[in-house]
**Student:** 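Just dropping this structure here.
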Number of protein chains: 2
Amino acid sequence: MESDDALREALRLAVDPPGGVSIEALRELARDDDATDWDIATTAAHLAVNPHTLRYYERIGLVRVTRNKAGHRRYDAAAIRRLVFLTRMRTSGMPISDLRHYVDLVDAGHDTVPERMEMMLEHRDTLRSQIAQLQLALAATEYKIATYQGAPLP
Amino acid sequence: MESDDALREALRLAVDPPGGVSIEALRELARDDDATDWDIATTAAHLAVNPHTLRYYERIGLVRVTRNKAGHRRYDAAAIRRLVFLTRMRTSGMPISDLRHYVDLVDAGHDTVPERMEMMLEHRDTLRSQIAQLQLALAATEYKIATYQGAPLP
DNA sequence: GCTTGCCTTTGAGTACGCTCACACGCCTAG
DNA sequence: CTAGGCGTGTGAGCGTACTCAAAGGCAAGC
């Protein structure tokens with residue numbers, strides 16, 4: 001039933017919000033475990049990033065990706081999960097250097113959990129103030145809109 | 001009462017949130033109108049930007065700034081208001097090129113109100129999805145934190 | 001008078017995060 | 001068998017938005 005899979009894939013791509021893999025797609029990837037590894041194009045499409053970016057992330061050590069016998073990248077569920085996390089952190093403004101440090105900590109094992117938590121706590125604060133800033137900007141924008149709607153004022 | 005002013009200024013600087021002039025400070029600036037123009041250092045401090053950035057914004061035509069007889073910039077209430085708006089738009093990700101276009105429209109007069117409103121409507125949408133993205137990132141971050149707190153899990 | 005410090009202009013330099021060019025390899029369809 | 005399409009690694013290039021360097025001016029305090 002290959003066309004069935006293709007159809008489901010197309011539907012999923014059409015439905016998923018831009019800029020993120022859906023939770024459902026991720027869950028499905030986790031369910032059948034190792035059979036459904038994605039190639040670089042599929043992965044890039046789901047994550048809404050450039051395939052070049054995925055190669056770049058691997059080059060700088062953010063993810064390790066296995067290869068098939070042709071030497072092509074195959075992204076398994078663990079890699080996708082990490083990439084989802086990484087792209088979320090990136091789109092929320094965490095610098096690449098911090099992410100490199102973070103994955104180094106992950107690779108170093110359980111002893112680094114306190115430092116990782118410290119990083120996440122700090123990022124949480126950053127995110128909260130970012131959201132607050134954006135809400136101010138949104139208010140300013142809506143104020144302008146209201147002004148333009150209300151009066152022919154400059 | 002110059003030391004009084006200085007004291008109030010210091011207090012205001014201490015209290016204002018980083019990354020923004022307070023509404024109160026702006027209102028006061030508007031109240032006594034032309035007497036309280038700010039120099040570049042004061043303006044930069046209130047807007048939480050580098051003085052170099054203010055010169056840059058003027059250079060590329062985002063603001064017009066008057067000079068005192070020594071040739072130094074003096075930011076009046078109108079300039080500050082525009083800069084507050086500009087920095088809000090910048091911190092919320094509007095590109096400089098769009099801002100240039102926007103101020104050109106403002107300078108071109110009332111006829112451009114529809115296009116300006118169009119820009120603001122579009123930016124409002126951008127902001128809303130940005131906020132949604134950040135809230136996803138916040139949820140992911142809080143999930144990590146909870147994981148690290150709950151179990152000594154990777 | 002001279003130093004100190006903040007200001008001026010202009011052109012150049014930097015940081016970041018991709019993004020691309022190039023030269024080549026594998027696999028499938030016609 | 002060969003052409004098309006997608007993949008590979010590596011070094012170089014790019015866009016954005018600042019950020020700084022250099023050379024000099026003015027004004028107040030010692």
Side-chain angles (χ1 to χ4, degrees), chain A residues 2 6 9 19 37-76 79 83 85-103 126 130 133 137, chain B residues 2-3 6 9 19 37-76 79 83 85-103 123 126 130 133 137:
Chain A
E2 203 170 294
E9 185 73 14
D37 293 352
W38 287 342
D39 63 21
I40 194 167
T42 309
T43 308
H46 277 84
L47 292 167
V49 300
N50 194 314
H52 287 301
T53 303
L54 294 179
R55 298 194 189 98
Y56 169 66
Y57 283 0
E58 184 182 1
R59 239 203 291 192
I60 65 175
L62 288 184
V63 271
R64 261 186 293 279
V65 185
T66 57
R67 307 297 153 112
N68 66 11
K69 69 174 185 247
H72 292 192
R73 289 170 178 79
R74 313 257 55 200
Y75 291 87
D76 62 14
L83 283 171
F85 174 71
L86 291 171
T87 50
R88 276 220 195 307
M89 294 301 108
R90 280 296 305 122
T91 58
S92 59
M94 182 175 282
I96 293 263
S97 53
D98 287 10
L99 288 173
R100 296 235 280 153
H101 186 204
Y102 185 85
V103 304
T126 306
Q130 266 190 85
Q133 289 280 316
Chain B
E2 206 169 293
S3 70
E9 185 72 15
D37 293 355
W38 288 342
D39 63 21
I40 194 169
T42 309
T43 309
H46 277 84
L47 291 167
V49 301
N50 194 314
H52 286 300
T53 304
L54 293 180
R55 297 195 190 98
Y56 169 65
Y57 282 1
E58 185 182 359
R59 239 203 293 194
I60 64 176
L62 288 184
V63 272
R64 260 185 295 277
V65 185
T66 57
R67 306 296 150 111
N68 66 12
K69 67 173 186 242
H72 292 191
R73 289 170 178 80
R74 313 256 56 201
Y75 292 87
D76 62 14
L83 283 171
F85 175 71
L86 291 172
T87 51
R88 278 222 195 304
M89 294 302 108
R90 280 296 304 123
T91 59
S92 60
M94 181 176 282
I96 292 263
S97 53
D98 287 9
L99 287 173
R100 296 235 280 153
H101 186 204
Y102 185 85
V103 304
H123 191 55
T126 306
Q130 266 190 83
Q133 289 280 316

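Quick note on labels: first sequence line is chain A, next is B, and so on, each numbered from 1. Below, all heavy atoms of this structure are taken into account, side chains as well, without hydrogens, waters or symmetry copies.
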**Student:** Mind running a 4.0 Å heavy-atom check of residues 57-66 of chain A against DNA chain C and sending the residues that fall below it, in number order?
**Tutor:**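 Here the set is Tyr57(A), Arg59(A).
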**Student:** Pair Trp38(B), Asp76(B) - check side-chain contact (heavy atoms from CB on, under 4.5 Å), show working.
**Tutor:** CA-CA 7 Å; Trp38(B) 288 342; Asp76(B) 62 14; over 6 Å; no
**Student:** Where do Ile60(B) and Arg100(B) come nearest, in terms of heavy atoms and distance?
**Tutor:**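 Taking every non-hydrogen atom into account, O-NH1, 2.9 Å.
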**Student:** Atom OG1 of Thr126(A) and atom CE of Met94(A): how far apart are they, to the nearest 0.5 Å?
**Tutor:**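 Interatomic distance, Thr126(A) OG1 to Met94(A) CE, rounded to 0.5 Å: 7.5 Å.
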**Student:** Check whether any side-chain heavy atom of Leu83(A) sits under 4.5 Å from a side-chain heavy atom of Val49(A), and report yes or no.
**Tutor:**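 No, side chains not in contact.
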**Student:** I'd like to check the side-chain contact (heavy atoms from CB on, under 4.5 Å) partners of Ser92(A); sequence neighbours left out, ordered by chain and number.
**Tutor:**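 Partners of Ser92(A) by the side-chain contact (heavy atoms from CB on, under 4.5 Å) criterion, ordered by chain and then number, come out as His123(A), Leu127(A), Leu134(B), Ala137(B).
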**Student:** Between atom CH2 in Trp38(A) and atom P in dG7(D), what is the gap in whole Å?
**Tutor:**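 Those two atoms, CH2 and P, are 15 Å apart.
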**Student:** Would you classify Pro51(B) as touching base, sugar-phosphate or nothing, given that sugar-phosphate means primed atoms plus P, OP1 and OP2, and contacts are heavy atoms under 4.0 Å?
**Tutor:**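 No contact.
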**Student:** Using whole Å, what does the distance between atom P of nucleotide dC6(D) and atom CG of Asn68(A) come to?
**Tutor:**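 It works out to 16 Å between those atoms.
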**Student:** Sequence neighbours excluded, which residues qualify as side-chain hydrogen bond (donor to acceptor under 3.5 Å, both in side chains) partners of Asp39(A)?
**Tutor:**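 Asp39(A) satisfies side-chain hydrogen bond (donor to acceptor under 3.5 Å, both in side chains) with Thr42(A) once adjacent residues are dropped.
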**Student:** Is there any protein nitrogen or oxygen under 3.5 Å from a nitrogen or oxygen in nucleotides 22-30 of chain D, and what are the pairs?
**Tutor:**
none

**Student:** Which nucleotide of DNA chain C is the first, and which the last, in the 5' to 3' direction, to come under 4.0 Å of a heavy atom belonging to chain B?
**Tutor:**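 Terminal contacting nucleotides, 5' to 3': dC7(C) to dG11(C).
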**Student:** Take atom CZ of Arg74(A) and atom C1' of dC6(D), then tell me their distance rounded to the nearest Å.
**Tutor:**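 Taking CZ of Arg74(A) and C1' of dC6(D), I get 12 Å after rounding.
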**Student:** Could you state the CD1-P distance from Ile40(A) to dC6(D), rounded to the nearest angstrom?
**Tutor:**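 Those two atoms, CD1 and P, are 13 Å apart.
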**Student:** To the nearest 0.5 Å, what is the distance between NE2 (His46(A)) and OG1 (Thr87(A))?
**Tutor:**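 These two atoms lie 13.0 Å from each other.
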**Student:** If you find the nucleotide of DNA chain D closest to Met94(B) and the one closest to Asn50(B), which residue's nucleotide is nearer the 5' end?
**Tutor:**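 Result of the comparison: Met94(B).
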**Student:** Quick one: does Tyr57(A)'s side chain get under 4.5 Å of Leu99(A)'s, heavy atoms only?
**Tutor:**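 Result no, sub-4.5 Å side-chain heavy-atom pair not found.
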**Student:** Going by side-chain contact (heavy atoms from CB on, under 4.5 Å), name the residues that satisfy it together with Arg55(A), two or more places apart in sequence or in a different chain.
**Tutor:**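 side-chain contact (heavy atoms from CB on, under 4.5 Å) check on Arg55(A) returns Ile40(A), Pro51(A), His52(A), Arg73(A).
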**Student:** Pairs of donor and acceptor atoms involving the side chains of residues 61-71 of chain B, under 3.5 Å and at least two apart or interchain, shall be tabulated with distances.
**Tutor:**
{"from": "Arg64(B)", "atom 1": "NH2", "to": "Asp107(B)", "atom 2": "OD2", "distance (Å)": "3.3"}
{"from": "Thr66(B)", "atom 1": "OG1", "to": "Arg74(B)", "atom 2": "O", "distance (Å)": "3.2"}
{"from": "Arg67(B)", "atom 1": "NH2", "to": "Glu58(B)", "atom 2": "OE1", "distance (Å)": "2.9"}
{"from": "Arg67(B)", "atom 1": "NH2", "to": "Glu58(B)", "atom 2": "OE2", "distance (Å)": "2.3"}
{"from": "Asn68(B)", "atom 1": "OD1", "to": "Ala70(B)", "atom 2": "N", "distance (Å)": "2.9"}
{"from": "Asn68(B)", "atom 1": "OD1", "to": "Gly71(B)", "atom 2": "N", "distance (Å)": "3.1"}
{"from": "Asn68(B)", "atom 1": "OD1", "to": "His72(B)", "atom 2": "N", "distance (Å)": "2.9"}

**Student:** Could you walk me through whether Leu47(B) and Thr53(B) pass the side-chain contact (heavy atoms from CB on, under 4.5 Å) test, one step at a time?
**Tutor:** CA-CA 11 Å; Leu47(B) 291 167; Thr53(B) 304; over 6 Å; no
**Student:** Partners of Tyr102(A) by side-chain hydrogen bond (donor to acceptor under 3.5 Å, both in side chains), sequence neighbours excluded?
**Tutor:**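 Testing Tyr102(A) for side-chain hydrogen bond (donor to acceptor under 3.5 Å, both in side chains), a comparison that skips the adjacent residues, returns Tyr148(B).
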**Student:** Under the side-chain hydrogen bond (donor to acceptor under 3.5 Å, both in side chains) test, which residues partner Asn50(A), sequence neighbours left out?
**Tutor:**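 Residues passing side-chain hydrogen bond (donor to acceptor under 3.5 Å, both in side chains) with Asn50(A): none at all.
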**Student:** Pick base, sugar-phosphate or nothing for Arg55(B), based on heavy-atom distances below 4.0 Å to the nucleic acid.
**Tutor:**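 Base contact - Arg55(B) has a heavy atom under 4.0 Å of at least one base atom.
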**Student:** Bend across the helix from dG1(C)-dC30(D) to dG30(C)-dC1(D), to 10°, with axes taken over 5 pairs at each end?
**Tutor:**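 Comparing the first five pairs with the last five, the axes sit 10° apart.
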